[in-house]
Amino acid sequence: MVTMLEVINRIPTVCHDILNHREETMTDLIQSLPSKINQIILVGSGTSNTSAITARRFIEKASGLQTICILPDQLLNNCFAYNPDALYVFTSHSGTSTLTCEAAKKITALGYLTAAVTDGKENAIAGMVKVYINQRNGVEEYLMRTIGYCSSVLTLMMMGLEIGKARCALNSSQINEYLAQAEKAISHHPALVKAAMDWFDCNKEKLMAADTFTIYGIDSLWGVALEGALKILEVSKRKIAIGYEFDDGMHGPTMGYTSSNCVIVLHDGGREDLRAHQLVRFAKNELGYGYLIGENPVDENDLAIHLTGGEFIFLELSPVVQVLAYRLAIDYGIDLTDMSYHSETKYFNTHNEA
């Protein structure tokens, strides 16, 4: 069986395929869009939710439509007023996520426009919505999705771009610039996988000693932080991790740090540059575990990355957290190919049987 690292290395190929087929993929959706659409609602759980949070900013920016993310349980059981003029987009890699499927059936039954981002028209959720969107992920050997995260995000972003084009919210030069940014981010991916592996080797002793990881990100990088925390938890099986939106995580969470907590800031070098440095220095000096990944590193132990992907920088920082989760597992001696380790189905189900 291929290693998870080999799977991570296939991400650029999948991403190029998504870009090359974006118009074909979105044709049915664009033809179904009503003129009065005024909102996009993204629905999903787990990695599908972190994908939505990552993509939300760009979708709203490119489409010109307010875009929100909501968990399927909240949509089903904690919402009581549904927007009839919204596009509801349900993301499920397998197409069998129980509550996402229930939510898709409910909103479709109300007569509203629904779409499913999933990896095959034969997937159950594709038959529960009005429009199928192929995320073009292909076979992914591990339940802990790495390709699936990136393909979901990029597919959602291409959806936003095509909606923006259809609504004349974007001109041709803006579209070409966004596509050029995406290409740069995809092309950068292989070098960043290697850089992440080297960075882990240089900091291995401390990274392996940390009991918990707190990952921060701003804007779309909040989604990467959430996904990174999820991957550390589900892949390493020995570490606890949580992701925070940068400002929110600067409040109460900082009072709960201990000397066994590792703080990682995913940094774009933008408006939070000062506080990003302050937080990382605090973690380095007071906890002994603090790293900045991205622009403007604090010291030689950080992972300096000159980000070239513009709105698509998630593709430049996601391989770092994916590699981190992978190395925490294999360096601890965990056999990731042993799928029997995933025994939760003996006790509870979160997905329907395919």
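These numbers come from the heavy atoms of this one structure, side chains and all, not from hydrogens, waters or symmetry mates. Numbers here simply count residues along the sequence, with the first being 1.
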E6, CD atom: more than 12 neighbouring heavy atoms under 6.0 Å: yes
In one Ile/Leu/Val/Met/Phe/Trp/Tyr side-chain cluster, 4.5 Å: M26, F90: no
E183 CD to T308 OG1 distance, which is reported to the nearest 0.5 Å: 11.5 Å
CA sep, side-chain torsions, deciding dist, call: Y149, T54, side-chain hydrogen bond (donor to acceptor under 3.5 Å, both in side chains): CA-CA 10 Å; Y149 168 71; T54 308; 2.8 Å; yes
Greater than 12 external heavy atoms within 6.0 Å of K284's NZ: yes
Side-chain touch L42/I68, heavy atoms, less than 4.5 angstrom: no
Minimum heavy-atom distance V235-M144, with the two atoms named: CG2-CB, 3.8 Å
Pairwise distance OG(S152) to CD1(I147) - rounded to 0.5 angstrom: 11.0 Å
Carboxylate-amine/guanidinium proximity below 4.0 Å for E140 and R10: no
L19 backbone acceptor or donor facing R22 side chain under 3.5 Å: yes
Same apolar cluster (I L V M F W Y, side chains within < 4.5 Å links), L303/Y216: no
Donor-acceptor under 3.5 Å (K204 side chain, D331 main chain): no
Side chain to side chain, I107 and L113, heavy atoms closer than 4.5 Å: no
From N9 atom CG to K194 atom NZ, the distance as rounded to the nearest 0.5 Å: 12.5 Å
Minimal non-hydrogen separation, M159 against I133, with atom names: SD-CD1, 4.2 Å
Beyond-backbone contact of F213 with L233, side-chain heavy atoms, under 4.5 angstrom: no
Same apolar cluster (I L V M F W Y, side chains within < 4.5 Å links), L307/V321: yes
Joint hydrophobic cluster, V193 plus V320, side-chain heavy atoms closer than 4.5 Å: yes
Below 3.5 Å, can you tabulate the donor-acceptor pairs from side chains in residues 97-104 to any protein atom, sequence neighbours excluded?
residue	atom	partner	partner atom	Å
S97	OG	T100	OG1	3.3
T98	OG1	T350	O	3.2
T98	OG1	N352	N	3.4
T98	OG1	N352	OD1	3.1

Y332 OH: over 12 foreign heavy atoms closer than 6.0 Å: no
Presence of salt bridge, D219 and R56, under 4.0 angstrom: no
Separation of L161 CG from K61 NZ (nearest 0.5 Å): 12.0 Å
From T254, D211, T212, residue fulfilling side chain to side chain donor-acceptor pair (under 3.5 Å) relative to N261: T212
Any donor-acceptor N/O pair, E245 side chain to D247 backbone, under 3.5 Å: yes
Derivation and outcome, salt bridge (charged side-chain N to carboxylate O under 4.0 Å, His left out), residues E316 and K184: CA-CA 9 Å; E316 298 177 275; K184 286 181 180 179; over 6 Å; no
Expected output: side-chain S236 to main-chain A325 donor-acceptor under 3.5 Å: no
Heavy-atom pair of closest approach, residues P297 and A304: CG-CB, 3.6 Å
M208 backbone acceptor or donor facing K239 side chain under 3.5 Å: yes
Separation between CG of L221 and CD of E272, rounded to the nearest 0.5 Å: 12.0 Å
Distance-only donor-acceptor check, side chains S48 and S92, under 3.5 Å: no
Under 3.5 Å: donor-acceptor pair, side chain of K130, backbone of G111: yes
Rounded distance [0.5 Å steps], CG in L315 versus NE2 in H189: 7.0 Å
Shortest non-hydrogen contact between I163 and L87, atoms and distance: CD1-CD2, 3.9 Å
salt_bridge(E234, K237) N-O dist < 4.0 Å: no
Beyond-backbone contact of I242 with Y244, side-chain heavy atoms, under 4.5 angstrom: yes
T146/Q322 under side-chain hydrogen bond (donor to acceptor under 3.5 Å, both in side chains): CA gap, chis, key distance, verdict: CA-CA 7 Å; T146 50; Q322 291 169 346; 5.1 Å; no
Pair Q181, E311: side-chain N/O donor-acceptor within cut-off below 3.5 Å: no
side-chain contact (heavy atoms from CB on, under 4.5 Å) assessment of H16 paired with I186: CA-CA 8 Å; H16 279 303; I186 295 169; 3.3 Å; yes
Residues V129, V131; criterion side-chain contact (heavy atoms from CB on, under 4.5 Å); working and verdict: CA-CA 6 Å; V129 296; V131 178; 5.7 Å; no
N/O donor-acceptor pair under 3.5 Å between S151 side chain and G148 backbone: yes
Residues T50 and E227: side-chain donor-acceptor under 3.5 angstrom: yes
Exam field: side chain D119 to backbone G138, donor-acceptor pair closer than 3.5 Å: yes
4.5 Å side-chain heavy-atom contact, T47 and N49: no
Pairwise side-chain contact, M1 with Y142, heavy-atom cut-off 4.5 Å (strictly under): yes
N/O donor-acceptor pair under 3.5 Å between E24 side chain and H21 backbone: no
Heavy-atom donor-acceptor pair, T118 side chain to N123 backbone, under 3.5 Å: no
Check: T25 and E23 side chains under 4.5 Å, non-hydrogen atoms: no
Counting only pairs under 3.5 Å, give me each side-chain donor-acceptor contact of residues 31-38, with atom names and distances, residues two or more places apart or in other chains.
residue	atom	partner	partner atom	Å
S32	OG	D28	O	2.8
N38	OD1	N83	ND2	2.8

ring-ring contact (aromatic ring centres under 6.0 Å, His included) partners of residues 280-320, not counting sequence neighbours, each pair once: F58-F312, W199-Y291
Test log, rule salt bridge (charged side-chain N to carboxylate O under 4.0 Å, His left out), inputs E286 and R281: CA-CA 8 Å; E286 303 300 327; R281 286 196 179 95; over 6 Å; no
Shared hydrophobic cluster for L5 and V7 (ILVMFWY, side-chain gaps under 4.5 Å): yes
Student check: side-chain heavy atoms of I305 and H188 closer than 4.5 Å: yes
Trace of the side-chain contact (heavy atoms from CB on, under 4.5 Å) decision for R167 with L65: CA-CA 10 Å; R167 299 183 68 247; L65 296 170; 3.5 Å; yes
Closest non-hydrogen atom pair, Y82 against L75: OH-O, 2.6 Å
Heavy-atom closest pair, residues D273 and H267: OD1-NE2, 2.8 Å
